[in-house]
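A short worksheet on the structure shown next.
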Amino acid sequence: MSYTQVFGGTTLYPSDVSYLALSLTADTTLEWPLESSTLAPVAASIIDVTPTGAFAITMPDATLTAPGQTVLFNNLGPSVVTVLKSGGGVLCSLGAGEQWQVYLSSNTTAAGDWRVFRYGAATASAQAASLAGYGLVAVGNTLAQAQQVTLFNSSYSPGAADRSKALVWTGSSGTLNLPVASAVGNDYFLSVRNSGTGALLVDGAGSDLVNGAASLSMQPGDSAVFITDGANWYTVGLGQDPVFAFDYTSVSVSGSTYTLSGTELNRVAYRFVGTLTSDIVVRVPNTVQQYWVWNDTTGGSFTLSVATLTQSAPLVVPRGSRGIYYSDGSNMVKADTASISLPINLSDGGTGASTAAGARINLGGSSVGIAVFTAATSQAAQAAIGIPVPPPFSLGTGVWNGVTPTQLDLTIPVGVAYSQSAGQQIIFKVPTSSPSGAITLKVGSNAAVSLVNVDGSAMNLQDLMPAASYLAIFDGTRFQLQTPTNSVLSGYAQATNGAISGYIVSNDVTNPNTTLNISVGNCRDSTNSRNIPRTAGIIKNLFAVWAAGTNQGGRDVATAPAANETWHVHAILNGTSGVTDVLLSKSATAPTLPSGYTHFRRVMSVVLDSSANIKGFVQSGSYVQLKVRNAEFATTSNGVAAGTLRNMQVPLGLKLLLDVYYQSTTSGGSTTDPAFSGCFDPDVGVPNGTLATNNNARWAQLRIQWGGSNLDLRYQTTMLQVYTNTNAQIFTASNDTGDVIAGGVVGWLDPRDNFF
């Protein structure tokens, strides 16, 4: 009889200890039926459990009873009940309607060792808790993987019980002795990480190899999984911590000995600062590592040296120098010559100076020689030695290269010797069309080189005037225009300001109500400083926010278009890259440009109907004709005296010359005086009240002559031309009180900003 069985078997208890009907409404801990006044449920021999939810029953402390204690659990409810050992380990899980019996086999711990089996199961089933082992843990009634972390700081020999563990080294230097591969078998594995300050040697047992070698040295920050096939060992995922690869730190020192530790380890680049009070030795771990060392200390003539923890002869790092050192695991070794004294004397092959200017003088440079040596361009070098710039060399009209569209090929005239050397001047002519992009020049068989502005800045092809001639000088690497451009290049005369060609706008065939097609074209921007060329047509959707390129949104604001609005079509230019595009805006003069775009020009304007659809139109040059005539007024009294100001369905913000379909119907009078009816420009002023005294001075009007009978009814239809104001308004007026008019806009002449 063992010590834990002093009293032999358990005592026979009254019937209430043999059976317990347990209504389980919360997690409950049982007690052994000892003599106590507590009201906690006892661990009866048979317990009928009626749960109201998924709750847990915790067994009492196993050390307070003897082995052989038996409890039968019968789950009478619909919920799963979990039975836990004392302290929380899962003992068994009772499904609805299931009966499980447990009995205590050992009471040496509070949790105890229990045997578990089920009553009435059609097939045998195992409890997860009884299947748990190395690398496995019971979670409820299921098994889950587990990896226990074990820290160690002295040499260690793992065994069978270490299967699947994560061993973390925290010491300086040590050894991990792997078990015999054949003993642990072809499924044993463990994980290892070196979180210490020194190397960890992982050694195979006997003839067992690790990655083909007798052992493997793991540096601080290294980690890997070690697995065996029953004969040798292999690593999976062996890698260094990124900080170990390269890092930098600054360390303040003063004197004596300083040992790197903590976050100062494995930083690679070190700057040592501080005021030294004595010679100092910086000690590093005995691990393979490189060290970039900068001695930036001050104070007396004291030295700073570096060495490993066991190195007897430290290496001195001269003050102010930067050197590369490495540890071979035993000693620090100098990898470069960090002890050169600066500046290097002439006698030692140096210049004796610490600046470039001083070096040129020390080496005997004259004022002319130095000027040539420091010249930024070949022209400056030639000027320094008095060589005149070669005269211009005419190469005629270039041709755009088909393979590289922005390369201008220039042909050398027959019989002419040409040397593309620094200072060579050329005169060339641009073809009649210019593609978009940065330009290069190729002269004869010479390599193509870039063409830049006179100030050396980059230049785009749209800055070149087609058919214009230019003077450029080769500086040894590129051609440089000699005419100041600032984006207004020579050959582009002031007379071309406001010029525009192409950029014809039309309704898209597939989506005419929402989308516009804009043709190729070229124009000056609104400031007459840049060209905005389009060598390909572009499609823009008014009902989507602007995005670069064709078949993209075109609107410059987030707010969607509304009925009867005016939208202006702008050509836009990125002043840096030279990229062009099209933007749609409600502003005729100040569109919100996309990022990078700095230049714009209004090329046309469109109007929306009452359903917010783009009205159908046909543009021919500057003339816009509607596909369906507007009906601004129909059978409307023209009124008498002062004219009536009428809103026309045409673009706002512009002064337009309208073609108006106009019909006037008047009743007869008692005299033969003519009646006058017409349309008038609001900017000229309010029309005369009777139109009788100045009828010959008004030009957009009808004159209807009476026959003398007051029963006559006269009407006349014609096409009138009249200017709007910038609010899209005109006046109509008549000297006949009975005048009834009808009409609307057929089309208009859009100045396309030629007049602004």
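Predicted, not measured: the structure shown is a model, and the values here were computed from it.
Nearest heavy atom pair, residue Ser215 against residue Asp203, reads CB-OD1, 3.7 Å. The shortest heavy-atom contact between Pro60 and Ala43 is CG-CB, 4.2 Å. Nearest heavy atoms, Thr598 versus Gly575: OG1-N, 3.3 Å. Closest approach of Ser305 to Val316, counting heavy atoms only: OG-CG2, 3.4 Å. Residue Phe272 comes nearest to Val253 through the heavy atom pair CD2-CG1, 4.1 Å, listed as atom of the first residue, atom of the second, then distance.
Ion pairing between a basic and an acidic side chain is recognised when a charged N comes within 4.0 Å of a carboxylate O; Lys586 and Asp556 show no such pairing.
Here the side chain of Arg319 pairs a donor or acceptor atom with the backbone of Thr297 at under 3.5 angstrom. Of the possible polar contacts, none joining the Trp169 side chain to the Ala199 backbone as a donor-acceptor pair under 3.5 Å is found. The backbone N or O of Thr287 sits less than 3.5 Å from a side-chain atom of Ser327, completing a donor-acceptor pair. Without hydrogens or angle criteria, Gln311 side chain to Met332 main chain gives a donor-acceptor distance under 3.5 Å. The backbone N or O of Ala62 sits nowhere less than 3.5 Å from a side-chain atom of Thr65 that would complete a donor-acceptor pair. When atom types are taken as modelled, the side chain of Gln101 and the backbone of Phe117 share no donor-acceptor pair closer than 3.5 angstrom. Distance alone, capped at 3.5 Å, places no donor-acceptor pair between the Asn107 side chain and the Thr109 backbone. Listed for the Ser105 side chain is a donor-acceptor partner under 3.5 Å among the backbone atoms of Asp113. Without hydrogens or angle criteria, Thr308 side chain to Ser330 main chain gives a donor-acceptor distance under 3.5 Å. In terms of modelled atom types and a separation under 3.5 Å, the side chain of Ser23 and the main chain of Ala21 share no donor-acceptor contact.
For Asp162, the side chain to side chain donor-acceptor pair (under 3.5 Å) partners at least two apart in sequence or on another chain are Tyr156, Lys165. Under the side chain to side chain donor-acceptor pair (under 3.5 Å) criterion, Ser173 pairs with no residue at all, not counting sequence neighbours.
Of the N and O atoms on the side chains of Gln69 and Tyr103, not one donor lies less than 3.5 Å from an acceptor on the other residue. Asn286 and Thr310 share a side-chain donor-acceptor pair at under 3.5 Å. Between the side chains of Asn613 and Ser611, no donor N or O sits under 3.5 Å from an acceptor N or O. Side chains of Ser172 and Thr197: a donor-acceptor N/O pair is absent below 3.5 angstrom, by distance only. Side-chain polar atoms of Glu98 and Asn75 form no donor-acceptor pair below 3.5 angstrom.
Within the structure, salt bridge (charged side-chain N to carboxylate O under 4.0 Å, His left out) contacts touching residues 177-190 (residues at least two apart or in different chains) are Arg163-Asp187.
Residue Trp233 is tested with Asp208, Leu216, Leu209, Val202 for a side-chain contact (heavy atoms from CB on, under 4.5 Å); the sole match is Asp208. Under the side chain to side chain donor-acceptor pair (under 3.5 Å) test applied with Lys540, the options Asn551, Thr514, Thr550, Asp581 reduce to a single match, Asp581.
Here the side chains of Met59 and Leu84 are not in contact, with every heavy-atom distance at 4.5 Å or above.
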Taking it one step at a time, do Ile572 and Leu593 satisfy side chain to side chain contact (heavy atoms under 4.5 Å, CB included)? CA-CA 8 Å; Ile572 58 176; Leu593 296 177; 3.7 Å; yes

Leu20 vs Asp48, test: side chain to side chain contact (heavy atoms under 4.5 Å, CB included). Steps then yes/no. CA-CA 6 Å; Leu20 173 66; Asp48 281 340; over 6 Å; no

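Under the 6.0 Å distance and 45° angle rule, Arg555 does not count as a cation-pi partner of Trp546.
Here Tyr291 and Tyr270 bring their ring centres to under 6.0 angstrom of each other.
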